[in-house]
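Written below as structure tokens is the structure these notes are about.
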Amino acid sequence: MPATVLIGCQWGDEGKGKIVDLLGERTDWVARFSGGPNAGHTVKVDGETFILHLIPSGILRPSVRCVIGNGVVVDLDHLVEEIRTLESRGIRVAGRLHLSGAAHLLLPYHRWIEEAQRQDVRVGTTKRGIGPVYQDKMGRCGIRVEDLLDPDRLRRRLREELERVEGTLRGAGARLPRPRAEIARRWSRRYAEIGRHLAGSIGDTTDRLHRALARGERVLCEGSQGTFLDIDHGTYPFVTAAATTAGGAATGLGLSPRQIGRVVGVAKAYTTRVGNGPFPTQFGGRFGDRFRRHAGEFGATTGRPRRCGWLDLPMLRQAVRLNGIDELVLTKLDVLGGLPEIRVAVAYRIGRRRLTLPPTDPGLWERCRPEYVRLPGWRGDLAGARRPADLPPAVRRYVARIETWTGVPVRLVSVGSGREEIVRMPRSRGSISS
Ligand code: GDP
Ligand code: IMO
Ligand code: MG
């Protein structure tokens with residue numbers, strides 16, 4: 001049975017957590033393949049809200065086993081706290097979580113470096129240390145989860161890296177908060193202890209997934225962030241530090257591209273972005289503020305106000321190409337109810353040029369002016385809709401237009417944050433695993 005990959009089509013926060021939870025009903029494994037605690041995936045089950053940062057959203061389905069793959073960066077303190085919180089809320093994690101030994105450790109000094117180098121201010125990051133930890137990984141000086149299992153090696157590596165970090169901080173006009181030897185001593189003890197605690201979960205997750213697929217089990221690869229935050233294909237430099245597109249599922253889990261059979265793209269019915277960078281369809285002024293409050297668009301990780309704007313088709317088309325999206329899930333359609341008209345950017349204009357896909361030069365993004373098509377809005381609350389026939393004709397037309405414009409079927413329409421607030425659209429070709 002080939003794996004399914006679920007990807008955000010925009011700048012993150014498309015509602016991936018909710019959809020992973022939904023598809024989790026018919027999945028044996030959910031595997032995270034990139035990013036770290038910068039992600040914030042919200043899932044609402046029976047009125048209870050869970051926000052997951054490192055642990056895959058599949059954890060809320062008791063029969064699902066979860067993987068944190070080699071492509072993820074693991075903040076141990078955060079992980080331990082997330083496990084504790086879930087367990088205290090009755091979600092069993094022990095025995096169900098598989099942590100790759102090859103995943104890199106995100107240590108407190110990664111946050112110190114990010115702040116000292118003002119990366120957080122320039123990019124508008126989540127301040128979780130993501131840039132510096134991936135820099136260390138690529139610079140081949142990272143410390144990995146498997147190092148936790150050998151306390152002597154862990155102690156030596158921490159000493160070496162803290163010496164290097166002290167130099168980096170000094171170069172940026174900052175200092176370690178405590179003497180280096182003291183930090184090395186404390187961390188060696190603390191992280192070796194966490195390693196002992198997690199030892200049963202740590203292993204070769206690539207092997208576990210290959211065996212699961214060979215047994216015919218269903219694997220769902222959970223994307224974090226979104227297509228346009230991808231380090232290569234996003235709006236560089238206003239991106240995260242990892243591959244967030246579908247190819248990242250192969251490298252971030254050790255699956256071969258041939259083992260990926262389906263790609264599901266999750267897109268909001270409009271667009272949002274947190275942090276800096278271009279955003280051609282962004283709402284301005286008072287309408288933008290009113291819309292954000294009405295839509296509840298505040299970051300799940302940092303609480304920052306999200307910038308909001310109309311749906312952007314050049315972006316969606318590019319997301320479809322880059323990820324090989326077979327099926328779309330459209331979320332937050334309920335939020336658009338009550339607007340007299342809805343706009344969709346079908347192309348960009350840069351001077352006299354017309355683009356139907358985003359430019360490759362990130363600098364040009366800033367100069368893109370959207371070309372809009374106006375569609376009629378609709379009245380009424382969609383939250384109670386469960387079947388296509390429950391959706392007002394204007395909503396069905398909006399969805400159909402998106403299918404035509406992108407060339408991809410919309411399989412699920414989400415009309416609220418709850419697990420059951422979903423409309424399954426008729427299947428004409430392909431099928432979604434739920
Ligand atoms: P993720 O990072 O892609 O998992 O998305 P987030 O959890 O950061 O943000 C999505 C937000 O929208 C969360 O607060 C969800 O509870 C909420 N949400 C998801 N789907 C819907 C929907 O169809 N309608 C509404 N109103 N809220 C939704
Ligand atoms: P989920 O998985 C939205 C954004 C940050 C910033 C840029 C770089 O919940 O969709 P980083 O801390 O990664 O170095 O920040 O990326 N960003 C996200 N925006 N949702 C996310 O995750 C994000 N993860 C990172 O706001 O603009
Ligand atoms: Mg999020």
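All values derive from a computational prediction rather than experimental measurement. Start at 1 and go down the list; that is how both ligands and their atoms are numbered.
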In D13, what N, O or S atom is nearest to the Mg ion (ligand 3), if we give its atom name?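 Nearest N/O/S atom of D13: OD1.
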Give the C-alpha distance, both sets of side-chain angles, the deciding distance and a yes or no for side-chain contact (heavy atoms from CB on, under 4.5 Å) between T125 and I130. CA-CA 8 Å; T125 69; I130 301 295; over 6 Å; no
Check this for me: does any side-chain nitrogen of one of [X] and [Y] sit under 4.0 Å from a carboxylate oxygen of the other?
X: E421; Y: K44; value: no
X: R387; Y: D390; value: yes
X: R84; Y: E87; value: no
X: D21; Y: K18; value: no

Evaluate the ring planes of [X] and [Y], with Trp represented by its six-membered ring, and classify them as parallel (under 30°), tilted (30 to 60°) or perpendicular (over 60°).
X: Y398; Y: W378; result: tilted
X: F291; Y: F287; result: tilted
X: F228; Y: W365; result: perpendicular

Can you find a pair of side-chain heavy atoms, one from R32 and one from S224, that are under 4.5 Å apart?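 SC-SC contact between R32 and S224 confirmed.
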Out of [options], whose heavy atom sits nearest [atom]?
atom: atom 19 (C) of ligand 1; options: K18, K44, E14; answer: K18
atom: atom 8 (O) of ligand 1; options: A269, G8, G223, G40; answer: G40
atom: atom 17 (N) of ligand 2; options: V73, L229, N38, T42; answer: L229
atom: atom 5 (C) of ligand 2; options: G131, P37, G124, A39; answer: G124
atom: atom 10 (C) of ligand 1; options: L6, D21, D13; answer: D13
atom: atom 11 (P) of ligand 2; options: V274, T125, T272; answer: T125
atom: atom 22 (O) of ligand 2; options: R306, Q225, R304; answer: Q225
atom: atom 21 (C) of ligand 2; options: I51, N276, D13; answer: D13
atom: atom 9 (O) of ligand 2; options: G129, G40, G35; answer: G40

Considering the heavy atoms of S414, write down every atom of ligand 1 situated less than 4.0 Å from one of them.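 Near S414, meaning under 4.0 Å from one of its heavy atoms, ligand 1 has 20 (N), 21 (C), 22 (C), 23 (O).
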Check ligand 1 against G17 and write out every atom of the ligand that is under 4.0 Å from a heavy-atom position of the residue.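 Contacts of ligand 1 toward G17, numbered from 1: 4 (O).
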Can you name the one residue among D77, D75, D120 that meets salt bridge (charged side-chain N to carboxylate O under 4.0 Å, His left out) with R111? D75
Quick one: which ligand 2 atoms are inside 4.0 Å of a heavy atom on [X]?
X: K16; result: 1 (P), 2 (O), 10 (O)
X: V239; result: 7 (C), 8 (C)
X: W11; result: 3 (C), 19 (N)
X: G275; result: 27 (O)
X: S224; result: 2 (O)

Do me a favour and list the nearest non-hydrogen protein atom to atom 16 (O) of ligand 1 with residue, atom name and distance?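 Scanning the protein heavy atoms, the shortest distance from atom 16 (O) of ligand 1 goes to S417 CB, 3.3 Å.
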Any idea which protein heavy atom is nearest atom 11 (C) of ligand 1, and the distance to it? K332 NZ, 4.0 Å
Consider ligand 1: state whether an atom of it lies below 4.0 angstrom from any non-hydrogen atom of [X].
X: G12; value: no
X: G416; value: yes
X: R306; value: yes

Heavy-atom pair of closest approach, residues R343 and Y372: CB-CD2, 3.7 Å
Where is the tightest heavy-atom contact between H294 and V335, given as atom of each residue plus distance? NE2-O, 2.9 Å
Kindly compute the distance separating CZ (R61) from CD (E25), expressed to the nearest 0.5 Å. 5.0 Å
For ligand 1, note which part of V43 has a heavy atom under 4.0 Å away: side chain, backbone, both or neither.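 No part of V43 is near ligand 1 at this cut-off.
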Given V329, L333, L328, the one that forms side-chain contact (heavy atoms from CB on, under 4.5 Å) with T331: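 The side-chain contact (heavy atoms from CB on, under 4.5 Å) with T331 is passed solely by V329 among V329, L333, L328.
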